[in-house]
Each structure stands twice: as C-alpha cells, then as structure tokens.
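For this chain, numbers begin at 1 and follow the sequence in order. Order of appearance sets the numbers: ligands from 1, and atoms from 1 within every ligand.
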Amino acid sequence: HNDPHYVGDRTTMVHLFEWKFNDIAKECEDFLGPMGYGGVQVSPINENLVIENRPWYERYQPLSYKIISRSGNEAEFKDMVKRCNKVGVRIYVDAVINHMSGNAQPAYGTGGTTAKPDELSYPGVPYTSKDFNPPCDIQNYNNATEVRDCELSGLHDLNQTKTNVRDKIIKYFNKVIDLGAAGFRIDAAKHMWPQDLKAIYKKIKNLSPKNGYPKNAQCYIYQEVIDLGGEGVSKFEYNDIASVIEFQYGIVLGNMFRGKDNLARLQNFDDENAWRLIPSKDALVMVDNHDNQRGHGAGGASILTHKDPKPYKMAVAFMLAHPYGHARVMSSFAFSDPSQGPPANSDGSIISPEIVNGECVNGWVCEHRWPQIQQMVKFRNLVNGEKLENWWSNGKNQIAFSRGGKGFVAFNVEGDLREKLQTGLPAGTYCDVITGDVVDGKCSGKSVQVVDDGTATVEILSSESEGVLALHNQAKL
Ligand code: QV4
C-alpha cells in the first residue's frame with residue numbers, strides 16, 4: 001500500500017481542504033491535470049455531525065458512511081473521480097474510522113441521519129454500544145493501550161477488533177474503490193491497533209483496471225501516526241502495513257526555514273537513521289497540514305504556513321526538490337479563528353473558490369496555484385529518479401544541490417548568497433522558475449549562466465522577495 005499509482009511522471013498530491021467535489025473536478029481539468037499534479041486528497045467524504053457555526057472539524061465526527069457532506073453527495077463524488085482520473089489526477093479520501101462523533105443533542109448529520117451518541121447508537125451505519133470500546137479519555141500518551149482503546153477528545157472509540165466494525169469499514173472502503181478513488185488517508189491511525197488495521201487493509205479490493213489502474217494494484221494507504229519520539233506508540237509499528245505520514249519532516253523544515261536551525265545540517269536529510277525518519281518509500285511528507293497550520297495536532301510554532309509566505313515557499317520548494325518521501329502540498333482557506341470553517345453562505349453551503357488571473361481571491365488561499373509552488377511540482381516531476389548531487393553549503397544557512405544533471409536549487413536563509421557553484425547542468429542560459437518563467441523565448445525572472453564546467457554564479461540577496469532559486473532543463477533559453 002505504498003504506491004500512490006500516479007499517472008506517468010507525476011509525483012505530488014495536493015490536499016484541497018474542504019473543497020467541494022464539483023470544484024475539485026473543475027480544478028483537475030483546468031489546472032491540476034495540465035500542471036502535472038498527481039493527486040488530490042479530499043476532506044472526509046462520509047456523513048458527519050452538523051455542528052453549530054460549521055467548524056471545519058465537524059467532518060472528523062462521523063454519523064454514517066453515506067457519501068454526503070458539505071463537499072457533495074455520492075453522484076458528485078463519482079463524477080469528480082471520473083473527471084480527475086481522466087486528466088491523470090488521482091483521488092485519495094481522508095478516512096475517519098477510529099471513532100464516530102462526540103456527544104451532541106440532538107445529533108443530526110449532513111445527510112439527515114440522526115444518532116444518539118451518548119448511548120453509542122448510530123443507526124445510520126448501524127453501530128450499537130457493542131461496537132465501541134468502553135468510554136475513557138486518552139490522557140497518558142505513554143500508554144499505548146490507552147491511546148488505542150480510550151477516546152480521543154471525547155470521540156466515541158470504535159473497537160476495530162469486532163467483526164461488525166471491520167465489515168462496515170471494509171464495505172465503505174470498497175465502495176470508495178469501486179467509485180474509482182486511488183487510496184486513503186487513515187485518520188488517527190495511531191489510535192488503532194496495527195493488527196486490526198492490517199486485517200482491514202487485507203480485505204480492501206485491488207484498484208480496477210477499468211478505472212485506469214495497473215492490474216493487481218493495491219490502493220495507496222497513508223496513515224496518520226504522529227510520532228515525534230518518546231510516546232507509547234511508534235510510527236515504526238505501522239510502516240510495514242502501509243505508508244505513514246512523517247510528522248517530524250515538517251517540523252524540521254519549519255525550524256530550518258525559520259532560521260532556528262542550521263540549514264547546512266540538511267546535508268544528510270536522506271539518512272533516515274540519523275533523523276529518525278521512516279524509510280523514504282513509506283513516507284508521506286508535507287510542510288504543514290490542516291491541523292498543525294492552526295495549532296491542532298503537533299508541531300506548534302515550528303510549523304510554517306501560508307501566513308509566512310517567503311520561508312513557507314522555501315520550505316515547500318525544498319520538499320519538492322529533495323528526493324525523500326511522497327510529497328503533499330497543502331491548499332488552505334484563510335482563517336483568523338482556528339475553528340473557522342471554509343468560506344460559506346448563511347445556509348452553511350460552501351462558497352466555491354473564485355479564481356482571478358490564476359489566483360484564488362475569495363477567502364481561499366490556494367497555495368497549490370502559487371507560481372513558485374506549481375513550478376516546483378513540475379520540477380519534482382522532471383527530476384524524478386535523479387540522484388541528489390553537488391551538495392554545497394556555506395556551513396550555515398545557505399545551501400544548494402542538484403538532481404542529477406536535470407535540475408538545480410539554491411536556498412538562502414541568512415545574509416547575501418553570491419557564489420560560484422557547481423550546478424551539474426549542461427552549459428547554457430537557464431531561467432530561474434521561482435522568480436519567473438520562459439515567456440516567448442525570454443526569461444521573465446532571473447537568468448543564470450551555466451558555463452562549460454557546469455558552474456554558475458548564483459545570487460540570492462536577503463532583500464529579495466524569494467529566498468530560493470531553481471533551474472531545470474525545461475527552462476533553458
Ligand atoms: C471536547 C473536549 C474533550 C471532551 C469532549 C466531549 O476537548 O476533552 O471529551 O469535548 O465533551 C472537537 C473539538 C474538541 C471536542 C471534540 C468532541 O475541538 O474540543 O472535545 O470535538 O466534541 C479534529 C480537530 C479536533 C476535533 C475533532 C473532531 O483537530 O479538535 O475535536 O476534529 O471534530 C492528536 C491525534 C491525531 C489528531 C490530532 C488533532 O493523535 O490523530 O490530535 N488528528 C486527526 C485529524 C484531526 C481530527 C482528528 C484526528 C479526529 O487530523 O483533524 O481532529 O478525527 O495528535
């Protein structure tokens with residue numbers, strides 16, 4: 001379960017947080033497909049508890065496995081998957097299977113289903129009290145049994161050892177596979193036993209060649225196991241059964257590009273043992289996610305988000321230039337209150353992103369459309385499989401490296417960078433795709449002259465609005 005089954009040379013997925021299915025389908029056709037994105041993670045698609053003022057987090061409180069939420073219904077989901085697959089973009093579903101809702105009275109869902117959470121009664125599935133672990137609160141994260149068998153924030157904890165629970169989850173997963181999706185993010189995987197998850201994964205159907213997948217292809221599964229070391233549950237208990245989201249990664253990059261750590265230390269960032277990272281092939285990486293960009297989950301003040309654009313774009317560019325892991329780009333809506341949901345009308349319906357000159361303008365941030373980020377997605381596709389070479393640093397906060405002879409990047413967090421560096425590239429004039437692009441045979445940003453021995457004088461001044469420079473063989477003049 002560690003192959004995302006991207007089409008062709010694609011390498012990167014984007015989390016279109018809280019987007020509606022119809023808008024995602026259009027985004028696949030208008031932008032993601034043509035720009036070379038490989039996939040989209042969608043917010044939980046199953047019916048959830050409706051909470052007053054519609055916070056984003058209501059979607060992590062399931063009431064049933066019917067496909068109906070503020071993103072759309074089953075027909076709209078099906079149409080989206082079909083249209084995205086058609087333009088080479090896969091769909092991954094955020095799957096909330098650790099628990100159902102917390103207590104609420106009355107409790108009604110996005111599809112009109114009702115429940116009695118305090119009695120552990122969810123007729124929409126159906127689940128009864130027999131399907132849950134006896135209520136207790138997770139308090140001690142050093143106790144693995146408590147983390148897995150008690151409730152996370154009062155969310156009623158399903159017992160995945162039970163056949164009925166397994167069967168209901170497997171049925172839901174197989175329906176999503178039948179609708180053409182390529183895989184799942186397993187929410188709160190750390191709060192479930194690996195052996196229970198393994199038993200569930202074993203019964204998930206293979207992806208269908210009818211939906212354009214190779215024969216005998218298993219769906220991609222990436223599990224949310226936040227492990228920064230020192231807790232009762234370890235990420236290394238999970239990467240044998242499927243992929244794992246590597247939370248250490250974004251924390252390291254956040255500190256690095258905030259200037260709180262020494263960038264030169266990233267020289268051995270592909271040494272998994274030195275950094276206590278899970279093996280690259282099993283890792284899904286990101287700079288920020290929907291939780292830690294607003295202080296939920298882990299990471300705190302280390303995490304970089306769209307709110308700090310210059311270092312954020314540098315961190316994302318590093319992630320996309322560096323070969324470790326499977327990359328996911330975050331695409332957010334703007335917020336001041338961390339509970340605040342996406343842009344919505346007074347009836348609660350989500351307002352579609354409005355795009356003017358390629359940028360989202362009405363409360364959606366759309367980092368995935370920022371020119372520097374979309375260019376680096378293209379870069380990652382182009383250098384896929386090339387070795388990290390020609391590492392250079394000034395010993396402090398300036399670094400550079402190449403990906404074989406196809407691409408080159410340099411980063412400057414501190415002071416002015418003005419150096420003759422080995423780029424690994426064939427001689428020629430290259431256009432920096434961070435500050436511009438090749439337009440009508442001319443470079444609209446910085447040009448860099450690579451001479452016969454592969455070296456070039458690279459300049460990134462601290463006063464510039466971008467702290468990264470990127471060259472590749474498709475942006476050669
Ligand atoms: C409150 C109290 C509880 C009390 C409960 C019951 O805090 O102590 O027991 O009421 O009266 C929301 C509220 C939370 C509330 C809870 C239940 O924020 O205050 O509990 O609902 O009513 C998201 C949000 C949570 C939110 C949850 C459900 O982050 O704040 O809880 O959705 O709506 C750990 C985990 C990791 C998790 C991360 C946030 O290891 O798995 O915390 N991350 C994932 C998702 C995340 C989601 C969940 C898990 C739960 O990425 O978005 O939580 O599905 O690190």
Subject >> Note: R258-E414 ion pair, threshold 4.0 Å (strictly below) >> reply: no
Original post:
Do you see a donor-acceptor pair shorter than 3.5 Å between the side chains of N211 and N85?
Top reply: no
Original post:
Who's the nearest protein heavy-atom neighbour of atom 50 (C) of ligand 1, and how far?
Top reply: H99 CE1, 3.5 Å
**OP:** Could you see which bit of E231 sits under 4.0 Å from ligand 1, with heavy atoms only: side chain, backbone, both or neither?
**Re:** neither
**OP:** Please report which non-hydrogen protein atom sits nearest to atom 17 (C) of ligand 1, along with the residue it belongs to and the distance in Å to one decimal place.
**Re:** S153 O, 3.1 Å
Original post:
Can you tell me the protein heavy atom closest to atom 6 (C) of ligand 1 and the distance?
Top reply: G154 CA, 4.2 Å
Original post:
Any idea which atoms of ligand 1 are less than 4.0 Å away from a heavy-atom of W56?
Top reply: 23 (C), 24 (C), 29 (O), 52 (O)
Subject >> atom 35 (C) of ligand 1: nearest protein contact (heavy atom, Å) >> reply: H191 NE2, 3.2 Å
**OP:** Please say whether the positively charged group of K235, taken as NZ for Lys or CZ for Arg, lies over the ring of F247, i.e. under 6.0 angstrom from the six-membered ring centre and within 45 degrees of the axis.
**Re:** no
**OP:** State whether the shortest distance between N or O atoms of Q61 and N or O atoms of ligand 1 falls below 3.5 angstrom.
**Re:** yes
**OP:** Please find out if less than 6.0 Å separates the ring center of H368 from that of W19.
**Re:** yes
**OP:** Report yes or no: does L155 have a heavy atom closer than 4.0 Å to ligand 1?
**Re:** yes
Original post:
Thinking salt bridges, do K190 and D227 make one under a 4.0 Å N-O criterion?
Top reply: no
**OP:** Look at ligand 1 and say whether R294 reaches it with a heavy atom at a distance under 4.0 Å.
**Re:** no
**OP:** Mark yes or no: R90 above the aromatic ring of Y220, with NZ or CZ under 6.0 Å from the six-membered ring centre and no more than 45 degrees from the axis.
**Re:** no
Subject >> H296, any N or O under 3.5 Å of ligand 1 N or O >> reply: yes
Original post:
Distance only, no hydrogens: is a donor on one side chain within 3.5 Å (strictly under) of an acceptor on the other, for N2 and D282?
Top reply: yes
Subject >> Ring centroid separation F17 to H290 under 6.0 Å >> reply: yes
Subject >> Nearest protein heavy atom with distance in Å, relative to atom 55 (O) of ligand 1 >> reply: I226 CD1, 3.4 Å
Original post:
What salt bridge (Lys or Arg N to Asp or Glu O under 4.0 Å) pairs are there with at least one residue in residues 346-366, not counting sequence neighbours?
Top reply: none
Original post:
Please state which protein non-hydrogen atom is closest to atom 38 (C) of ligand 1 and give its distance, to 0.1 Å?
Top reply: G297 CA, 3.9 Å
Original post:
Does the N or O separation between D291 and ligand 1 drop below 3.5 Å for any pair?
Top reply: yes
Original post:
Are D167 and K171 ion-paired here, with the side-chain N under 4.0 Å from a carboxylate O?
Top reply: no
Subject >> Cation-pi check, R294 onto W56 ring (under 6.0 Å, within 45° of axis) >> reply: yes
Original post:
So which of Q139, K190, E224, H290 gets nearest to atom 41 (O) of ligand 1, if we judge by its closest heavy atom?
Top reply: E224
Original post:
What part of N289 sits under 4.0 Å from ligand 1 if we count only heavy atoms: the side chain, the backbone, both or neither?
Top reply: neither
Original post:
Within a distance of under 4.0 Å, is there any protein heavy atom near atom 8 (O) of ligand 1?
Top reply: no
**OP:** Using heavy-atom distances, let me know which of Y60, Y57, F247 sits nearest atom 33 (O) of ligand 1.
**Re:** Y57
**OP:** Going by heavy-atom distance to atom 48 (C) of ligand 1, choose the closest among D187, I97, L49.
**Re:** D187
